[in-house]
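All heavy atoms count here, side chains included; hydrogens, waters and symmetry mates do not. Since the structure is predicted, the reported quantities are computational estimates derived from the model, not experimental observations. Chain letters run A, B, ... following the sequence lines, proteins first, then strands; residues in each count from 1.
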Amino acid sequence: MLDLTYETPKIKTIAGARHDWELVIGMEVHAQVSSNAKLFSGASTKFGAEPNSNVSFVDSAMPGMLPVINEFAVEQAVRTGLGLKAEINLVSAFDRKNYFYPDLPQGYQISQLYHPIVGEGEVIVDMGPGVARKVRIERIHMEQDAGKSIHDMDPNMSFVDLNRTGVCLMEIVSRPDIRGPEEAAAYLGKLRQIMRYLGTCDGNMQEGSMRADVNVSVCLPGEYEKFIETGDFSHLRTRCEIKNMNSMRFIQQAIDIEARRQIALHEAGEEVVQETRLFDPDKGETRSMRSKEEAHDYRYFPDPDLLPLEIEQAWVDNIAASLPELPDEKKARFVNDFGLSEYDASVLTAEVENAAYFEEVQREAGDGKLSANWVINELFGRLKKEDHGITDSPVSPSQLAGIIKLIKSGDISGKIAKDLFEIVYTEGGDPAEIVEARGMKQVTDTGAIEAAVDEIIAANPAQVEKAKQNPKLAGWFVGQVMKATGGKANPKAVNELVAAKLGL
Amino acid sequence: MSELNKMTLADARNNLRAGEITSVELTEACLAEIDGSDALNAFVHNTPEIAMQQAQAADARIAEGDAPSMCGLPIGIKDLFCTKGVPSQAASRILDGFRPEYESTVSQNLFDAGAVMLGKLNMDEFAMGSSNETSVYGNAVNPWKVDDRALTPGGSSGGSAAAVAADLCLAATGTDTGGSIRQPAAFTGITGIKPTYGRCSRWGIIAFASSLDQAGPMTKSVRDAAIMLEAMCGHDPKDSTSADLAVPNFEAMLSGDIRGKVIGIPKEYRMDGMPEEIEQLWADGTAMLKDAGAEIRDITLPHTKYALPAYYVIAPAEASSNLARYDGVRYGHRATLEAGDGITEMYEKTRAEGFGHEVQNRVMIGTYVLSAGFYDAYYNRARRVRALIKKDFDDVFAAGVDAILTPATPSSAFGLGEMADADPVQMYLNDVFTVTVNLAGLPGISVPAGLDSKGLPLGLQLIGKPWEEGDMLNIAYALEGAAGFVAKPAKWW
């Protein structure tokens, strides 16, 4: 397998009053594991259920209830780790993070502070053809999600919905390798893409399946390089954490705004305080949430209800063997095997379903480039018009391959093919049969074309004279012939015949 | 047949199977005895309707020849066990009105084996205490008495011990985190076993300290302990710390033949200021085992002296986290709030009203030892000590010792209220012989072995190898036979 090679993207700088500043960003991404049951209980994880209907005795922390690990959730975390080319820890352990909040019934969150299940890995974040940032993953651990407190339903009361309580999250912690707002969004997008390929997280940000805490600091050119050389964090400046972001657009805005805030402080000789902040998209600012955080001492300690989680290398190997082809490899293969441009390969591999669709078309039609053009330009364009995804496509891969095969065989022209596509899209049916039934086949019978050419030449002697002076006018004859044949004549044959008859 | 309630499990079982008595008769005898026992304050929720239903069902099973090991035998359940539809509140105000919608695995196992539940038994609040005086229901009282002085039945399973010793039931469940089965058993002249950690499921038992808590039987004899333990224990997939091991037939292992068994006598358990009577009892017990053919060996468990401090770091640390769920949000007590009170006030007022003094003490200690900056000095160090204590035992067992004999408690039962003004550490010293066993996860049993000069029962403790409860029970059986303890408290209640 050939890997694509990448240039490192240019580092975005923000101009302050005195200096140009660079950004240093690390992210903690909380991804909800795709699993029917919660991390430590059998309750359902289905989104959008009636409040408090997906709640077991364990989730509601009834007295004497005990957590039991969901093996599938562990498998999903391992699968994710393998997908991020990360080290899998055969022994990991769960710790309790203690704090009081009504949507946290146990009074503690079960997490993995000291011994996470996944260690170091990496993600290649594409920033355009031939350009990518490598972001190192520090760790991935599993933890329970909290429930939802609802404060605006009643003026005097708060309500709690425990449906999310205990749902398994993976917290994916990056190194501070992200160097700009666009890279941050692209990193999140790449994680989402990989996890959707793996089937370990549905990546639905509106439903809260992916949320990110973003650590932002700024530095002067050269400082980051010193940090990378030495691994010494003292070369970096104080960071702030922007909590709980679930939109790519807001993440970019928040990073930019927060970086500018810090730059202003540095340049004014003031101190940046390490703290947690919230982004307010309406006001376009980040705000300290320190007052709430200040008192927290989470008193982490190993959860005595759970034994250390021990998994076997053979089990991990089995999961590794069943791993699907991942986006980077797929893209490289599309470029290498089908001669696609990197851009087209990126478009086709962005979503795993799109790539699968394309591959089916390619397999049947046998022409990678033509298949890619049709999938990207015609099919995606048409689907987008109606706001459909690939899974809603009324045209099956086999139908689209049928159209492409008709083009390749010369049975239909590209122009007719577009009409045919529209018929298949709206009415369905087998493309070859439609072409036959509706007489859409290209006329390649040179006799019939010749007769048409002769007729046009005979009827337009003046034009013939002009064309002999100016061969470019031959196109007028071709157009007339196409018109006369209802567009079905093979354009190549018409061109040749017109040229021959005019003696060009 | 008179005084059916005084029977052992084994006798009652045999009589039931022989058709000599019915479970309904047995149950009625116990219920009548309970009715007259208010002064003991052992039962805190009576469940006569459930008891009679279960007794009738048991009689039907026996009639059909389908009589499992506990069929028709009336027992009491410690209030720490969640029992479906029946108040289960760990003797705490904070669980006021709580009736679980589920049955703990251990009580379910007992019911599946045919046991009859008479009611819920008094205990120290959240099992935190050694005298049953921290209960929201007020203390249970020891049926044993000296002069007119009311004595503690011990704790935390004080109600269970008092009820069994006073023949209010044939046996009872207890739980043991640092000695809560063995100490009250010793104080009331009954047998109590804490099995190996992981032998009994903790599912549905209100948690105190998860890495130490174990359920076990409190009975009138070693044979009864074997019968009841077998019915209680077994692997439970709902408890991740439950061991996936087959349950032996413990009763069948009671041969009384302990020839060649090696009994360790740990020198570190010979405490300064230990009463002469306890020394004597220990020496007597050692002689009895030797006479029965066991080899006596002096052993050393060098880290014993660190056990109590380590225990009083680890247990409160876990408790502070386990008890966080009692916050007034979902069940149990919630304080009446004033206008303007927010969530913080709700937590503070609810927990201040709902938890008693000792529970608050331990929650605060636990919170402190886990807090940033103190974690390594306290909790982590205590965990290291725990590992060393476990290694002490591992080494001794690896060297061929089969069981270890120690006193169960440093004294006989003390007077109620006697410790009220004492330093809490004085009270914690009650656990000095028992906590090591919990820290190491080992099985331990307290067997009544004699009376002190005041006429109060004293117990000896045997500590067994992990998962070797059967062997330990057999040695206890030999000790019980040799000690011939038959004294009963004179009925005054």
Are side-chain heavy atoms of [X] and [Y] found at a separation under 4.5 Å?
{"X": "A/P302", "Y": "B/Y379", "value": "yes"}
{"X": "B/M117", "Y": "B/L110", "value": "no"}
{"X": "A/L309", "Y": "A/I117", "value": "yes"}
{"X": "B/V359", "Y": "B/M128", "value": "yes"}
{"X": "B/N122", "Y": "B/V44", "value": "yes"}
{"X": "B/R93", "Y": "B/E353", "value": "yes"}
{"X": "B/M346", "Y": "B/V329", "value": "yes"}
{"X": "A/S44", "Y": "A/K38", "value": "no"}

Heavy-atom distance under 4.5 Å to chain A: side chain of [X], backbone, both or neither?
{"X": "B/A209", "value": "neither"}
{"X": "B/F81", "value": "neither"}
{"X": "B/F208", "value": "neither"}
{"X": "B/N380", "value": "neither"}
{"X": "B/R330", "value": "side chain"}
{"X": "B/F374", "value": "neither"}
{"X": "B/L80", "value": "neither"}
{"X": "B/I206", "value": "both"}

Taking the ring of [Y] and the ring of [X], is the distance between their centroids below 6.0 Å?
{"X": "A/Y99", "Y": "A/Y108", "answer": "no"}
{"X": "B/Y137", "Y": "B/H45", "answer": "yes"}
{"X": "A/F301", "Y": "A/Y114", "answer": "no"}

Without hydrogens or angle criteria, can the side chains of [X] and [Y] be said to hold a donor-acceptor pair below 3.5 Å?
{"X": "A/E275", "Y": "A/S288", "value": "yes"}
{"X": "B/S211", "Y": "B/E318", "value": "yes"}
{"X": "A/R96", "Y": "B/S321", "value": "yes"}

I'd like to verify something: which residue of B/A324, B/S104, B/S88, B/P237 has the highest number of heavy-atom pairs under 4.5 Å with chain A?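 Of the candidates given, the most pairs with chain A belong to B/A324.
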Return the option, out of B/Y326, B/W203, B/Y102, with the maximum number of heavy-atom pairs under 4.5 Å with chain A.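 Between B/Y326, B/W203, B/Y102, the count favours B/Y102.
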What residues of residues 364-371 of chain B make heavy-atom contacts with chain A at a cutoff under 4.5 angstrom?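 If one takes a 4.5 Å heavy-atom cut-off, the residues of residues 364-371 of chain B near chain A are B/T367, B/L370, B/S371.
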Which region of A/N98, side chain (C-beta onward) or backbone (N, CA, C, O), has a non-hydrogen atom less than 4.5 Å from a non-hydrogen atom of chain B, or is it both or neither?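 The side chain, not the backbone.
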If I measure from the heavy atoms of chain B, does A/F100 come under 4.5 Å with its side chain, its backbone, both, or neither?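 Answer is both: backbone and side chain atoms of A/F100 are under 4.5 Å from chain B.
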Atom pair CD/CE of B/E101 and A/M62 - distance to nearest 0.5 Å: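 Result: 6.0 Å between the selected atoms.
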I need the single residue from A/V173, A/V214, A/I172 that forms a side-chain contact (heavy atoms from CB on, under 4.5 Å) with A/M27. Which is it?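 So, applying the side-chain contact (heavy atoms from CB on, under 4.5 Å) to A/M27 and each of A/V173, A/V214, A/I172, only A/V214 qualifies.
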Contact listing (chain B partner; residues 144-167 of chain A; heavy atom under 4.5 Å):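 A/L162, listed by number.
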Partner chain B: residue of A/P67, A/P63, A/G107 with the largest heavy-atom pair count (under 4.5 Å):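 Most pairs with chain B among the choices: A/P63.
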